[in-house]
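Quick notes on the structure that follows.
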Amino acid sequence: MPKKYLLEVKDEHGRLDKFVSEQVPDLSRTRVKELIQDKNILVNNKSEKVSYKVQAGDCVLVNVPAVKPLDVVPENIPLDIVYEDDDVIVVNKPQGMVVHPAPGHPDHTLVNALLYHTKDLAQSPEGFRPGIVHRIDKDTSGLLMIAKNAKARESLEDQLAHKTNKRIYWAIVHGNFGEEGGTIDAPIGRNPYDRKKMAVVENGKKAVTHFKVLEQFKGFSLIECQLETGRTHQIRVHLDYIGHAVAGDPLYGPRKTLKGHGQFLHAKVLGFRHPQSGKWMEFSVEPPKIFQDTLAQLEKKQVIR
């Protein structure tokens with residue numbers, strides 16, 4: 001059922017999103033931001049920015065559309081659950097699995113599997129990605145955090161937004177490095193020449209990736225990447241940008257590459273503060289077998305460093 005709230009501001013109250021989330025406890029701050037961006041929250045009958053400072057005498061109308069019905073079928077697909085409690089699930093997603101339904105991938109996704117595993121997943125406005133607070137690509141393996149309720153979703157998304165969580169990836173990339181590591185600070189946006197791709201573009205969103213070289217082989221290197229931001233395809237785009245495309249990447253890498261099932265990219269470490277207790281939690285999982293076998297084959301060749 002859609003809902004409406006008429007809020008009168010009696011004194012200065014800071015940002016619009018903060019004011020509404022405090023006045024309407026059923027709405028998380030993340031949800032409030034979405035409503036503002038969709039012009040479902042009006043101040044004095046006008047659309048305002050999330051950062052608008054509400055003033056005494058303002059009249060805030062909040063229109064909450066009905067949540068779209070969830071049209072995703074639970075599927076009995078095995079899950080590699082690393083941790084679970086009443087608020088969060090940490091899952092090790094296999095390579096080849098799409099995170100949530102989308103055009104071309106209506107089923108057999110992580111969300112289908114999660115819905116079979118539990119009914120306790122935080123709702124999403126779109127309905128097709130309950131519990132999902134961040135994603136990794138279909139052919140990227142590794143750790144994801146899942147929210148089981150609205151408070152957990154808001155907390156985990158807030159940590160992502162404020163860069164207080166920890167996400168470390170391993171990647172096998174083309175070429176060798178003269179340095180031990182570095183930082184790639186280059187904005188990412190839609191590729192103007194190929195809408196299926198992202199690219200480093202002047203007017204893109206800020207994107208920062210830190211990397212460290214772990215081992216080098218003949219023609220390839222194993223590196224560790226730590227995300228400071230979380231743009232679509234960020235690691236893949238950034239590494240291609242500096243001339244070290246991820247091996248096996250069908251979208252950004254060269255055709256002559258290592259044999260596998262897509263890019264050799266693995267979300268190895270995930271850390272965050274628990275939404276309820278505030279306790280720091282950190283998890284680590286090894287790369288899939290094909291990643292480890294490929295590393296072993298490379299190690300049999302000449303190791304550069």
Side-chain angles (χ1 to χ4, degrees), residues 82 90-95 99 133-145 156 159-189 197-201 204-217 219-254 257-258 260-272 282-288 290-292 294-295 298-299 303-305:
V82 178
V90 177
V91 62
N92 180 20
K93 186 191 82 68
Q95 188 180 38
V99 171
V133 294
H134 67 132
R135 295 173 293 177
I136 54 178
D137 298 327
K138 171 178 176 273
D139 291 325
T140 299
S141 57
L143 295 168
L144 284 169
M145 50 189 179
L156 296 176
Q159 291 178 58
L160 285 167
H162 289 89
K163 308 177 181 66
T164 57
N165 68 325
K166 185 177 183 180
R167 288 173 293 165
I168 293 177
Y169 291 69
W170 273 15
I172 301 175
V173 303
H174 283 269
N176 299 127
F177 295 80
E179 66 275 15
E180 294 183 354
T183 295
I184 309 166
D185 185 347
I188 290 176
K197 290 184 176 183
M198 306 300 288
V200 170
V201 292
K205 293 182 178 180
K206 184 174 180 63
V208 180
T209 304
H210 307 283
F211 71 92
K212 180 168 64 175
V213 180
L214 300 179
E215 198 168 2
Q216 302 205 68
F217 316 99
F220 296 93
S221 299
L222 173 66
I223 68 170
E224 175 182 285
C225 295
Q226 184 158 358
L227 289 177
E228 186 173 312
T229 55
R231 307 305 175 199
T232 301
H233 298 174
Q234 179 173 315
I235 291 175
R236 299 164 66 189
V237 171
H238 269 174
L239 291 175
D240 177 48
Y241 177 67
I242 65 170
H244 293 282
V246 178
D249 192 329
L251 199 57
Y252 300 101
T257 187
L258 298 176
H261 305 300
Q263 62 269 8
F264 284 85
L265 183 60
H266 174 69
K268 191 175 192 298
V269 177
L270 176 65
F272 57 90
E282 188 166 316
F283 306 91
S284 178
V285 292
E286 293 303 311
I290 191 168
F291 194 116
Q292 296 186 51
T294 301
L295 271 183
L298 290 172
E299 286 170 350
V303 176
I304 296 176
R305 185 171 66 211

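- Side-chain contact annotation: T257 with H174, donor-acceptor N/O pair under 3.5 Å present.
- Under the 3.5 Å distance criterion, the side-chain polar atoms of Q95 are matched with a main-chain donor or acceptor of D139.
- Remark: the backbone N or O of I136 is not paired with any side-chain donor or acceptor of T140 at under 3.5 angstrom.
- Residues passing the salt bridge (Lys or Arg N to Asp or Glu O under 4.0 Å) test with K206, sequence neighbours excluded: D185.
- Note on residues 240-250: pairs passing salt bridge (Lys or Arg N to Asp or Glu O under 4.0 Å), not counting sequence neighbours, are R236-D249.
- Residues passing the ring pair (Phe, Tyr, Trp, His ring centres under 6.0 Å) test with H134, sequence neighbours excluded: none.
- Each salt bridge (Lys or Arg N to Asp or Glu O under 4.0 Å) pair with one or both residues in residues 161-178, not counting sequence neighbours, appears once here: K166-E282.
- For the residue pair T209/Q234, the side-chain donor-acceptor check at 3.5 Å is satisfied.
- Side chains of F217 and L222 form a contact here, defined as non-hydrogen atoms less than 4.5 Å apart.
- Looking at heavy atoms from C-beta onward, L239 lies in side-chain contact with I223 at the 4.5 angstrom threshold.
- Atom CG of L214 is separated from atom OG of S221 by 9.5 Å, given to the nearest 0.5 angstrom.
- The side chain to side chain donor-acceptor pair (under 3.5 Å) check on T164 picks up nothing, with sequence neighbours excluded.
- Side chain of Y252 to backbone of M198: a donor-acceptor contact under 3.5 angstrom is found.
- Between K268 and E224 there is no salt bridge, since none of the side-chain N atoms of the basic residue sits less than 4.0 Å from a carboxylate O of the acidic one.
- Aromatic ring centres of H266 and Y169: separated by at least 6.0 Å.
- Looking at I188 and K205, their side chains never come closer than 4.5 Å, going by heavy atoms from C-beta outward.
- Residues that satisfy the ring pair (Phe, Tyr, Trp, His ring centres under 6.0 Å) test with F211, not counting sequence neighbours, are F177.
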